[in-house]
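Treat the numbers as computed from the prediction; the structure is a model and nothing was measured. Numbered from 1 within each chain, the chains take letters A, B, ... in sequence-line order.
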Number of protein chains: 2
Amino acid sequence: MPRNGEPARRRLQQAAVELFCERGYDQTTAAEIAARAGVTERTFFRHFPDKREVLFDGQAKLRELLTDAIARTPATLKPLETLYRAFRSVEKPLEDNRPFSFPRQQVIDRSPALQERELAKVAALAEALAQALRRRGVDERLAALAARTGMETFRHAVESWLADPAGGVGAHLDRAFDELHGLAASFSTRKTRHRQ
Amino acid sequence: MPRNGEPARRRLQQAAVELFCERGYDQTTAAEIAARAGVTERTFFRHFPDKREVLFDGQAKLRELLTDAIARTPATLKPLETLYRAFRSVEKPLEDNRPFSFPRQQVIDRSPALQERELAKVAALAEALAQALRRRGVDERLAALAARTGMETFRHAVESWLADPAGGVGAHLDRAFDELHGLAASFSTRKTRHRQ
DNA sequence: CCCGTTGTGTCAGTGAATGACATAATAGGC
DNA sequence: GCCTATTATGTCATTCACTGACACAACGGG
């Protein structure tokens, strides 16, 4: 009944992050989060479908940014280059979010349950990228494979950037894509050379 | 108390697959699985840490096969080629398991909870591959990236093989790795050419 | 035949999640 | 400013996943 100032949703997220940092995810009950936010446990589950979801909200925005970037990209680019440019285009938002992302990632890294959810979000994001590529005319199979491997490369870059922000996301992204190029260019099952 | 013939663990797995196929994962309770297997719910959770895990047992064997294959590989090979050969080496076991893998995959594809667990298993497997590559002298960063992208390529191949077994796993694997080669060889952030 | 080990049953309890219903809070028309 | 439709919240009861503690049955040596 009491509808306090700050929207309950934000208060719940805030309370959840605090408690997860203090005691860890498993040692925190949904009721405790709700209590700190000044609402009922039932209200918690009205705002979030489950306890984990309270940590995964930025995902939707990131997906939108990336798929929009892909849609705006020239259709003549190779799939991986399209993805690379899309990733570069979210450099700013990522870096602005670092103060929030860093502790959040620490919490996730300490809880298998949260890691699972994160992997699910990453997979969903990759699927969205594949769809965006298809809309740019990329073949279905290629789009799926490019989106997945590109996504893993992006994760690789973001993780190393979180561990060491020097150079910004961009430097880590370039390095990761160059590593991928080095890995894949030097091996083909048939010994054919692909046109540039 | 009654210790019936077939080991309880197998009976539980069997019962679980049956029930999941009949009603779906969410509509099946752990107690029902246990009942069909002729044991108590408590016994179910003694054999499996949680309800999902009853579907994920082959994973350990596959990991062992792959890491062993990597360990036996000449240390001079490029990381992706090492992985490719390791994947080729498990072709037989995979095809032998098809009658079991196929319905299992259908169950998983219908349940978000099971998909999450599968992604977690895949990630753990990729981590094991990275570790095996490191033991072959591959640089830590490269090992991680190669394992992840190689793993995604493998998944891509296995999924398309499950959908259409024509040509066997090998054909799909070759196609997937060639697609990866085509994707990555044609794009580099800097316009440098990497030594073959 | 006894005994230690191991698998299982029983029971009680916690915590995540959901449905149903009542009620308070707010926005918009008047 | 008041009334009302909508929306946010509280309350209650319930299901189900999972866990700890304890007892006891089943089996494998000796």
How many whole angstroms separate atom [atom1] of [X] from atom [atom2] of [N]?
| X | N | atom1 | atom2 | result |
| --- | --- | --- | --- | --- |
| Leu12(B) | dA17(D) | CG | P | 14 Å |
| Phe48(A) | dA8(D) | CZ | C1' | 14 Å |
| Arg9(B) | dT8(C) | CZ | P | 11 Å |
| Asp26(B) | dA16(C) | CG | C1' | 14 Å |
| Glu116(B) | dA17(D) | CD | C1' | 15 Å |
| Arg52(A) | dG15(C) | CZ | P | 17 Å |
| Asp50(A) | dA16(C) | CG | P | 11 Å |
| Glu32(B) | dA17(D) | CD | C1' | 13 Å |

Of the listed nucleotides ([options]), which one gets closest to any side-chain atom of [X]?
| X | options | answer |
| --- | --- | --- |
| Arg42(B) | dA16(C), dC18(D), dT19(D) | dT19(D) |
| Ala8(A) | dG9(C), dT9(D), dC18(D) | dT9(D) |
| Thr29(A) | dT8(C), dA17(D), dA16(C) | dA16(C) |
| Glu41(B) | dA21(D), dT9(D), dA17(D) | dA17(D) |
| Phe45(B) | dT19(D), dG9(C), dG10(D) | dT19(D) |

Exercise for review: Output yes when Glu41(A) and Lys51(A) qualify as a salt bridge under the 4.0 Å nitrogen-oxygen rule, no when they do not.
Suggested key: no
Review point. So, are Glu91(A) and Arg88(A) salt-bridged, with charged N and O less than 4.0 Å apart?
Key: yes
Practice item. Please work out if Thr40(A) contacts a base, only the sugar-phosphate, or nothing of the nucleic acid, heavy-atom cut-off 4.0 Å. Key: base
Review point. Any side-chain heavy atom of Leu12(A) within less than 4.5 Å of one from Arg9(A)?
Key: no
Exercise for review: Report yes or no: do Gln105(A) and Glu159(A) form a side-chain donor-acceptor pair below 3.5 Å?
Suggested key: no
Exercise for review: Examine the side chains of Gln131(A) and Glu127(A) and answer whether a donor and an acceptor come within less than 3.5 Å of each other.
Suggested key: no
Exercise for review: Kindly say if His47(B) contacts the phosphate of dG7(C), meaning a side-chain N or O under 4.0 Å from OP1 or OP2.
Suggested key: no
Review point. Start at the 5' end of DNA chain C and walk down; is the nucleotide closest to Arg46(A) or to Ala31(A) reached first?
Key: Ala31(A)
